[in-house]
Amino acid sequence: VMAAGMGSRYGGLKQIDPITSNGEFIIDFSVYDAVMNGFDKVVFVIKHAIEKDLEKEKTDQKQVVTQKSPWTDGGVLFLGLMCFIIFLSEGAVLDWGALFLKDEREVSVVWAGAGFAFFSIAMATMRLLGDGLIEKLQSEKIVLYGSLVGASGIFLIVCTPWVITALAGFTLLGLGVANIIPILFSKGAQINGIPSTLALPVISTLGYAGQLVGPALLGFIAHQTSLPIALALTGILLGIVAICFVFALNKRAKVSVNNH
């Protein structure tokens, strides 16, 4: 049996992550099918680099799965909140970007959707380059720099009076936030004591709430103040994501030093 992929986006060895209430792996079903079709010997071809992880997962799955609720776990809620903010920024562009260009920058209705177009193209491009960036940099650094780039894009949109700089801001926002969500989901699959099958649904639920509920909250804030102020708040929230991961980087560095 040779599983395709290393699970770099997933954040772990997805072939041996439990997917049922009884703790069966994806690969369990492959082995079952092989046995049912007459095979009596199964050989696993794996990389030496993941041998220890494979053995650890096998040992962990023999233990009783914790009954701790992911809704009460600080790590799960933290990642869920970060996802909420990132999805909120995406929802802000989707729901309010065109209106901002039309009302605040006096762009014609025909071209008001240009901001979302620039954002989408930038995000798609960066997603294609994401795996290479993750291999070269620590994932926390991608979240840190991406959040800062995204926040810079928001402030460029709301603080400069020119259409061209607003479009540049939408582009920066797309480039910045493109790879953050996959990394946060990946981190969610690695939380100690919470199976990824329980953690990821909570994180994704909180995250997508940001895209669904977030724009409505921004609309309420814009009604009470102004649309630029509401969008600027999104930039501040992206800055908070960056600050949180500065602490994550520092904590990781301290752990590394202690281990050596």
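Everything numeric here is computed off the predicted structure, so don't read it as measured data.
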Q: Output the distance between atom CE (M82) and atom CG (L77), rounded to the nearest 0.5 Å.
A: 11.0 Å

Q) Closest heavy-atom contact between P215 and A92? A) CG-N, 4.4 Å

Q: Please name all residues satisfying side-chain contact (heavy atoms from CB on, under 4.5 Å) with L81, sequence neighbours left out, ordered by chain then number.
A: none

Q | Shortest non-hydrogen contact between S147 and I180, atoms and distance | A | OG-CD1, 3.6 Å

(Q) Through direct or indirect side-chain contacts below 4.5 angstrom among Ile, Leu, Val, Met, Phe, Trp and Tyr, which residues connect to I121? (A) none

**Q.** Separation between CG of L227 and CG of L218, rounded to the nearest 0.5 Å
**A.** 8.5 Å

**Q.** Closest approach of V177 to S89 (non-hydrogen atoms, all atoms of both residues)
**A.** CG1-OG, 4.0 Å

Q. Quick one: do V158 and I221 end up in the same hydrophobic cluster if we chain Ile, Leu, Val, Met, Phe, Trp and Tyr together by side-chain heavy atoms under 4.5 Å apart?
A. no

(Q) Quick check for you: to the nearest 0.5 Å, what is the distance between E90 atom CD and L173 atom CG? (A) 8.0 Å

Q) Are any of the side-chain heavy atoms of V109 and K102 separated by less than 4.5 Å? A) yes

Q | A166: partners by side-chain contact (heavy atoms from CB on, under 4.5 Å), with sequence neighbours left out | A | L101

Q) Are side-chain heavy atoms of S139 and V143 found at a separation under 4.5 Å? A) no

Q. Taking only residues at least two apart or on different chains, which pairs with a member in residues 75-101 satisfy ring-ring contact (aromatic ring centres under 6.0 Å, His included)?
A. F87-Y208

Q: Sequence neighbours left out, what pairs pass ring-ring contact (aromatic ring centres under 6.0 Å, His included) with at least one residue falling in residues 117-136?
A: none

**Q.** Heavy-atom side-chain contact between L79 and K187 under 4.5 Å
**A.** yes

Q. More than 12 foreign heavy atoms under 6.0 Å from CD of Q224: is that the case here?
A. yes

Q. Of the non-hydrogen atoms in G188 and A199, which two are nearest, and what is the gap between them?
A. O-CB, 3.5 Å

Q) Distance from I142 atom CD1 to K136 atom NZ, nearest 0.5 Å? A) 11.0 Å

Q. How many angstroms lie between CG in L198 and CG in D73, if you round to the nearest 0.5 Å?
A. 10.5 Å

Q) Is there any side chain to side chain donor-acceptor pair (under 3.5 Å) pair reaching into residues 108-126, and which pairs are they, with sequence neighbours excluded? A) none

Q: Apply side-chain contact (heavy atoms from CB on, under 4.5 Å) to S226 and list each qualifying residue two or more places apart in sequence or on a separate chain.
A: P228, I229

Q) So if you build clusters from Ile, Leu, Val, Met, Phe, Trp, Tyr with side-chain heavy-atom gaps below 4.5 Å, do L167 and V110 land together? A) yes

Q. Which pair of non-hydrogen atoms, one from R105 and one from V163, has the smallest distance, and what is that distance?
A. O-CG2, 3.9 Å

(Q) Does any part of the side chain of N179, heavy atoms only, come nearer than 4.5 Å to the side chain of R127, both counted from C-beta? (A) yes

Q) After noting the C-alpha distance and the side-chain angles of M126 and L133, does the key distance pass the side-chain contact (heavy atoms from CB on, under 4.5 Å) rule? A) CA-CA 9 Å; M126 190 55 67; L133 291 175; 3.5 Å; yes

Q. Residues two or more places apart in sequence or in another chain: which of them pass side-chain contact (heavy atoms from CB on, under 4.5 Å) with V202?
A. P70, W71, V76, L206

Using distance only, find each side-chain donor-acceptor pair of residues 233-246 under 3.5 Å and give its atom names and separation, not counting sequence neighbours.
none

Q | Gap between atom CG of L184 and atom CG of L200 - 0.5 Å precision | A | 11.0 Å

Q.
Strictly by side chain to side chain donor-acceptor pair (under 3.5 Å), give each pair with a member in residues 151-173 just once, sequence neighbours left out.
A. T160-T165

Q. Would F220 and L99 show up in the same hydrophobic cluster when neighbours are defined by side-chain heavy atoms closer than 4.5 Å?
A. no

